[in-house]
Amino acid sequence: MLCGSSALAQPPAGVVAYVGNTGIPGPAPVLIQNAKIYTLGSQGTLANGELLIMSGKIARVDINSLPMPGAKIIDAKGKPVTPGLMVSNSELGAIEIDLVGETNDSGPGQDLSAFDADGTDSPTLKETIASAAFDVSDAINPNSTLIAVARIRGVTRSLTAPAIGSGVFSGHAAVIDLGLGPNLVEKTRVGMVANLEPAGGPGAPSRPLIWAQFREMMDDAREYQAQRAAYHRPGGARDQRSSRIDLDALADVVEGREPLLVYVNRVSTIRQVLAYCRANKIKLVILGGSEAWMAASDLAAAHVPVVIDTELNLPNTFSDIGATLKNAARLDAAGVLVAFQPQSNGLAHYARTITQIAGNAVANGMKWDHALAAITRNPAEIWGLADSYGTLEPGKDADVVIWDGDPLEVTSAPTAVFIKGQQMPMTSRQTALRERYRDAAQQNPSAGYH
Amino acid sequence: MDISKLPAWGAAVIVVATLALAWWLIPGLHQGGDKQVADQFPADPFPSTYKPRPSQPTLIRGATVLTGTDKELANADVLMQGGKIAGVGVHLDAPSGAVVIDGKGKFVTPGIIDIHSHLGVYPSPSNEATQDGNEATKPVTAEVRAENSVWPQDPGFTRALAGGVTTMEILPGSANLIGGRSAVLKNVWATTTQAMKFPGAPYDLKMACGENPKRVYGQKGGPQTQMGDIAGYRAAFAKAQAYRNTWRKYWKTKAGDPPDRDLGLETLALVLDKQIPVQMHCYRADQMATMIDVAKEFGFRIAAFHHASEAYKVADLLRRNDVCAVMWADWWGFKMEAYDGIPEDIAMVDHAGACATIHSDDPIGIQRLNQEVALAMAAGRRMGYRITRAHAVAWMTRNPAKALGILKQTGTLENGKMADVVVWDGDPFSVYSHAQKVFVDGALLYDRDNPELSPRSDFELGQESNGHTGGAGQ
């Protein structure tokens, strides 16, 4: 990170600067007591435990109460405490309003017509430059009002991925935190998004043509890497059709360092890309994956994670005929590492629906703790954050949420949210609107039943 | 009967009565030979052929019952007989031959009503051939009817049934200022739309404020602005007034040939006659206030504002004008006019005494409107309102029934109403609960525990792969 980490940032108003045993000034330690702690780590679940946050990290998780002079004490009153939640395949930070083009940096060619069930026509922005080179971390706006809206519902991390454009590749995804900034970007080039599902409609490329374009670009990238110096020498070999900036963007992908995040639903294409990536030693993550459960054992054997919206159960296209509410449970039972994305019709605005997404997975057969893992520990593993995030274990970043009830229940909400040890204000543009109009909605004789 | 034995006045009465009966029974006698049209606009050309499915008397015993009338009854019974609600209370007797369902640990609610759906007109699968929801060829298309676009084989109907939805209003999309008539359907598997059509439900007219018509027509001759939108509605209704006057004059005088029929103006004239209420897509508070004025100017009735993201800003205005607000629990921000949507919208409108209603506008959301109500209820409680689940259930049952004008037939569990009933396997406001049994007019049409009662549309037949079975509960 270029800018100061939150551990060194100024404490929020009202928090007394603390100079602890280490002598390093920072926010006062926070001791959460009397909590039901879901660590998702080796300590399992503590029915009545306490958790100490110090210098931005989790310092201790214990069933015993140990005195911590100078610490701010929070009595959780037996309520659940979980790691901060992570949405995978979101557009958080890259978008403010879908249909206000200049606030929509979500992808190289946002299809603005797809937003509304009404299906009204809208212009489609076409890619004007190469799209593999699109890097969503260039778009992240820490002042986006969507960040706080998601944060006060317990979301502390996002795998922000480029929206699918009209080409095969859409660019690099990034991991962001949902803290107070100024820099939210935690990790760049976390994955390269590619779309292998046909868009449909007249003139749109067919499945085999998309596959050929995909292979050509991957081949070009490999060749280019092998002779990159020659390419840039005057008169050097330039046989590739793809542009230089795209080929550079794919370097880490073809060399097996950066995963390919492939949006694909039809199981035959899932199997096809699985075989390709195995043969070419490419790391693969499946996005979408409505028919992934049909290839569950193969995906598990190849250690390929799948990111899904658990509520999708309609044959939205002919690629989703096998869509089912049991997708998550079946993938999980087969040993596939599963992570969840927010409701598909609003990947950024509806980031807060991630608990509902997980709850519905449970309602349809997934174990409760596995569903919680799919929005904490699993994404930490998939996106390479397991050293610093995803469980409540000493040494990890203190992304911690205290809930007023079962975190996966639709009636529950956080009462406190910490990101990297910093306690977040429980306000957003939406709470400000609510308070402004609270009096306008003063109670009147009810429209109750007569 | 021998009339000779009756007094003279009695015989006279009988003779007159007989003549009167003949007058009414023999066609032509009472209609007047030269009268070709009734003194009103023509009746529905696509009449409902809906028939309640065969049902058995059914007693749900010992459940928690949310009646939709602000009551929660513990350990209570619900009796369905002859397709109607025949009893709600404690210790009801089971009629002989009745199916008895053990309601222990279960909840019973009225069937859910989604007042804003595009199932059938934007069905699954979604492709060029199936996009039948917007006649986006000109900004005013009052002549079209959603029922003529509905594809009854949309698998979405079956999924909605598994979510406890028993009645839906299918609306044209919002590309147009005036999009056309709605169709109110019962959620029964059928091969024709007429066979789904809710008997006696009034038509509604779909109209749309704001960005969508501007976006669609801004470069195609307009409207290009909000003021263009408003001028467009007013021009259309001004024409309809003239059209209605022309016909009234004809009906009065019968002079000359009848005027030419104009299907769009006919619909708008019925709106002016308050026979067809308006379901009005408006996000912003100021748009709603302006449309209330337009409705007053022309004397039509707006039943509800749909997608009313800012209803909480004008809740009192809505209450005073008896207009419902149809809202989402947490959709917001996808376009400029939805930027101020907040999760407390429904609770605040309700708190102010106005009619608050959930809706889906979405084939996924329609499957869990109970969860959406739970989200809205919880948001209201967190801001300090006391909202019981007995009250909140009305947001998905009674209030949409009111806004659709079908509250006399459905929407609450009261004797004599259609037995549109959902048995939940737990608190309907928990994410973990499911609609376990769904009754439409007393007939069990979905049973989570019985694959035979997990309907599948024609489209899904033979699409199974790898042993996948599909069906409503999929």
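A, B, ... follow the sequence lines: proteins, then strands. Residue 1 opens every chain.
- Contact annotation for Asn127(B): only side-chain heavy atoms (C-beta onward) come within less than 4.5 Å of a heavy atom of chain A.
- Of the atoms belonging to Arg368(B), it is side-chain heavy atoms, and not backbone ones, that fall under 4.5 Å from chain A.
- Of all the listed residues (Asn316(A), Thr317(A), Thr353(A), Asn364(A)), the one sharing the greatest number of non-hydrogen pairs under 4.5 Å with chain B is Asn316(A).
- Your options are Pro125(B), Ala378(B), Ala394(B), and the one with the most heavy-atom pairs under 4.5 Å with chain A is Pro125(B).
- Between His281(B) and His307(B), the ring planes are perpendicular. Angles over 60° get that label, and only those under 30° would be called parallel.
- In this structure Thr269(A) satisfies the side chain to side chain donor-acceptor pair (under 3.5 Å) test together with Arg207(A), sequence neighbours excluded.
- Within residues 427-435 of chain B, the residues having any heavy atom closer than 4.5 Å to a heavy atom of chain A are Phe429(B), Ser430(B), Val431(B), Tyr432(B), His434(B), listed by residue number.
- By the 30° and 60° cut-offs, the orientation of the rings of His349(A) relative to Trp332(B) is perpendicular.
- For the residue pair His118(B) / Asp361(B), a side-chain donor-acceptor distance below 3.5 Å is found, with atom types taken as modelled.
- The shortest non-hydrogen separation linking Leu85(A) to Arg153(A) is CD1-O, 4.4 Å.
- Ranked by heavy-atom pairs under 4.5 Å with chain B, the list Thr145(A), Thr103(A), Val362(A), Asn360(A) is led by Asn360(A).
- By the 4.5 Å heavy-atom criterion applied to side chains, Met348(B) and Ile342(B) are counted as neighbours.
- Ranking Arg429(A), Gln356(A), Gln343(A) against chain B, the residue ahead of the rest is Arg429(A), based on heavy-atom pairs under 4.5 Å.
- Looking at every heavy atom in both residues, Lys71(B) comes nearest to Ala390(B) through C-CB, 3.6 Å.
- Per-residue counts of heavy-atom pairs under 4.5 Å with chain B were compared for Val149(A), Thr431(A), Thr355(A), Val410(A); the largest is that of Val410(A).
- Across Gly346(A), Ala348(A), Ser344(A), Ala413(A), the residue that shares the most heavy-atom pairs under 4.5 angstrom with chain B is Ala413(A).
- Asp406(A) and Ser412(A) make their closest contact through O-OG, 2.7 Å (heavy atoms, listed as atom of the first residue, atom of the second, distance).
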Would Glu414(B) and Thr69(B) count as a side-chain hydrogen bond (donor to acceptor under 3.5 Å, both in side chains) if you check the C-alpha gap in whole Å, the side-chain angles of each, and the deciding distance to 0.1 Å? CA-CA 9 Å; Glu414(B) 292 178 286; Thr69(B) 61; 5.5 Å; no
